[in-house]
Each structure stands twice: as structure tokens, then as C-alpha cells.
Amino acid sequence: MTSIKKFQVTFDCAEPERLARFWCEVLGYVVPPPPEEFATWDDFKRSQSAEQRDSWFACTDPSGVGPRLYFQRVPEGKAAKNRLHLDVRVGTGLVGKERLAALEAECARLVPLGAVHVQTLYDGNDSCIPMQDIEGNEFCID
């Protein structure tokens, strides 16, 4: 029997801390404490070289169940559609108009945070709302 492995989801991005804090708001995640020898994240940043400063950031599920999200700065911008995306599951178990209403409510919460509503897919029973985060990465409200 194989053991279950923990994993993290890594985002290549331009502004790691900004994107991490966006996803904290979306998912209810938190910023973990700074490394042990630093009182604050600002203290940690000041200890790094200019090249390393702000090169990564992370957020975690406070319950410890969901994967850690890691954001790393890369020089190139996003050039194509994601090959992998997150589905934010807010309509599980719901169908029809009730499901659509739950997804639309979550969409309305995320747009003021900087998310972009791409479209609403609804066939009278099932629904999904494709969106983009603040750096253009696709995700779905499902």
C-alpha cells in the first residue's frame, strides 16, 4: 500500500506576496509565521540580499488539511493558458439555481479583491464560473 504524500502547489508569478495574500482571502488560508530567528516577515526581508528579497512567499491552510501554496518570482510574464488550475469548491452538493446562486455569490466576493470574472457556464443544472486571479492565472469557482 502506498503512503499518501503531502504536496504544495507552486505558482510562478511577478509579485509573490501580493498573490499569496490574494489567495489567502480566496481560500481562507493564512500567512505562516516568519522563520524562527525573525520576529516579523519584514525583519526576514531586511536580512536578505536585494536579489533574494520578495522572491517568494507562501500561505497555508490553518486547519492543516489543504496543501501549502508557494509563490515564486520569475522574470517572464504569463504567456499562455494554465495547464493546471485550482477549482474553488463552493457549490458541492448543490444543483440548478441554488448552485448557480452560491457560485455567483462567491464570484461577487472575489471581484473586489481583484479577481476577473471570465464567464458563467450554466446548463440549467450544473454550473461553473471561470475566473482569473490578480496575475491572470485561471481558476474556477465550482
Peer 1: Would a hydrophobic clustering, with Ile, Leu, Val, Met, Phe, Trp and Tyr connected at side-chain separations under 4.5 Å, put Val116 with Phe22?
Peer 2: no
Peer 1: Would you be so kind as to tabulate the donor-acceptor pairs closer than 3.5 Å made by side chains of residues 57-66, with sequence neighbours excluded?
Peer 2:
unit_1: Asp61; atom_1: OD1; unit_2: Ser63; atom_2: N; d: 2.9
unit_1: Asp61; atom_1: OD1; unit_2: Ser63; atom_2: OG; d: 2.8
unit_1: Asp61; atom_1: OD2; unit_2: Ser63; atom_2: OG; d: 3.0
unit_1: Asp61; atom_1: OD2; unit_2: Val65; atom_2: N; d: 3.4
unit_1: Asp61; atom_1: OD2; unit_2: Gly66; atom_2: N; d: 2.6
unit_1: Ser63; atom_1: OG; unit_2: Val65; atom_2: N; d: 3.3

Peer 1: With clusters defined by side-chain heavy atoms of hydrophobic residues (ILVMFWY) lying less than 4.5 Å apart, directly or transitively, does Ile134 cluster with Leu113?
Peer 2: yes
Peer 1: Using side-chain heavy atoms (C-beta onward) and a distance below 4.5 Å, is Asn137 in contact with Leu19?
Peer 2: yes
Peer 1: If I take atom CZ from residue Arg73 and atom OG from residue Ser55, how far apart are they, to the nearest 0.5 angstrom?
Peer 2: 5.5 Å
Peer 1: Rounded to the nearest 0.5 Å, what separates atom OG1 in Thr120 from atom CG in Leu103?
Peer 2: 8.5 Å
Peer 1: I'd like to know if the side chain of Asn82 and the backbone of His85 have a donor-acceptor N/O pair within less than 3.5 Å.
Peer 2: no
Peer 1: Glu25: which residues meet the salt bridge (charged side-chain N to carboxylate O under 4.0 Å, His left out) condition with it, sequence neighbours left out?
Peer 2: none
Peer 1: With sequence neighbours left out, write down each residue that passes side-chain hydrogen bond (donor to acceptor under 3.5 Å, both in side chains) with Gln48, or none if nothing qualifies.
Peer 2: none
Peer 1: If you round to the nearest 0.5 Å, how far is CG of Leu100 from CG of Asp123?
Peer 2: 10.5 Å
Peer 1: The criterion is side-chain contact (heavy atoms from CB on, under 4.5 Å); which residues satisfy it with Glu51, sequence neighbours excluded?
Peer 2: Ser49
Peer 1: List the residues meeting side-chain hydrogen bond (donor to acceptor under 3.5 Å, both in side chains) with Arg83, not counting sequence neighbours, and say none if there are none.
Peer 2: none
Peer 1: For Lys5, check side-chain hydrogen bond (donor to acceptor under 3.5 Å, both in side chains) against everything at least two apart and list the hits.
Peer 2: Ser3
Peer 1: Restricting to non-hydrogen atoms, name the atom on Ala115 and the atom on Met131 that form the minimum distance, rounded to 0.1 Å.
Peer 2: CB-CE, 3.7 Å
Peer 1: Tell me, do Val9 and Phe11 make a side-chain contact under 4.5 Å, heavy atoms counted?
Peer 2: yes
Peer 1: What are the two closest non-hydrogen atoms of Arg99 and Ser127, and how far apart are they?
Peer 2: NH2-O, 2.9 Å
Peer 1: List the atom pairs, with distances to 0.1 Å, where a side-chain N or O of residues 88-97 and a protein N or O form a donor-acceptor pair under 3.5 Å, not counting sequence neighbours.
Peer 2:
unit_1: Arg89; atom_1: NE; unit_2: Asp142; atom_2: OD2; d: 2.6
unit_1: Arg89; atom_1: NH2; unit_2: Asp142; atom_2: OD2; d: 3.3

Peer 1: Got a sec, which pairs hit ring-ring contact (aromatic ring centres under 6.0 Å, His included) with one end in residues 113-142, sequence neighbours left out?
Peer 2: Trp23-Phe139
Peer 1: According to ring pair (Phe, Tyr, Trp, His ring centres under 6.0 Å), who are the partners of Tyr70, at least two apart in sequence or on a separate chain?
Peer 2: Trp56
Peer 1: So, do Leu69 and Leu27 sit near enough that their side-chain heavy atoms are less than 4.5 Å apart?
Peer 2: yes
Peer 1: Under 3.5 Å, is there a donor-acceptor pair between the side chain of Arg68 and the main chain of Phe7?
Peer 2: no
Peer 1: Got a sec, which residues hit side-chain hydrogen bond (donor to acceptor under 3.5 Å, both in side chains) with Glu106, two or more places apart in sequence or on another chain?
Peer 2: Arg109
Peer 1: Under 4.5 Å between side-chain heavy atoms, chaining through other members, with only Ile, Leu, Val, Met, Phe, Trp and Tyr counted: pull out the rest of the cluster around Val118, sorted by chain and number.
Peer 2: none
Peer 1: Does Trp41 reach the main-chain N or O of Pro32 with its side chain, forming a donor-acceptor pair under 3.5 Å?
Peer 2: yes
Peer 1: Measuring from atom OH of Tyr29 to atom SG of Cys24, what distance do you get when rounded to the nearest 0.5 angstrom?
Peer 2: 9.5 Å
Peer 1: Mind jotting down which residue pairs meet the salt bridge (Lys or Arg N to Asp or Glu O under 4.0 Å) criterion with at least one end in residues 6-20? Sequence neighbours excluded, please.
Peer 2: Glu15-Arg18, Glu17-Arg21, Glu17-Lys45
Peer 1: CD of Glu138 to CG of Asp133: how many Å apart, nearest 0.5 Å?
Peer 2: 8.5 Å
Peer 1: Is the count of non-hydrogen atoms from other residues, nucleotides or ligands lying under 6.0 Å from Gln72 atom CD greater than 12?
Peer 2: yes
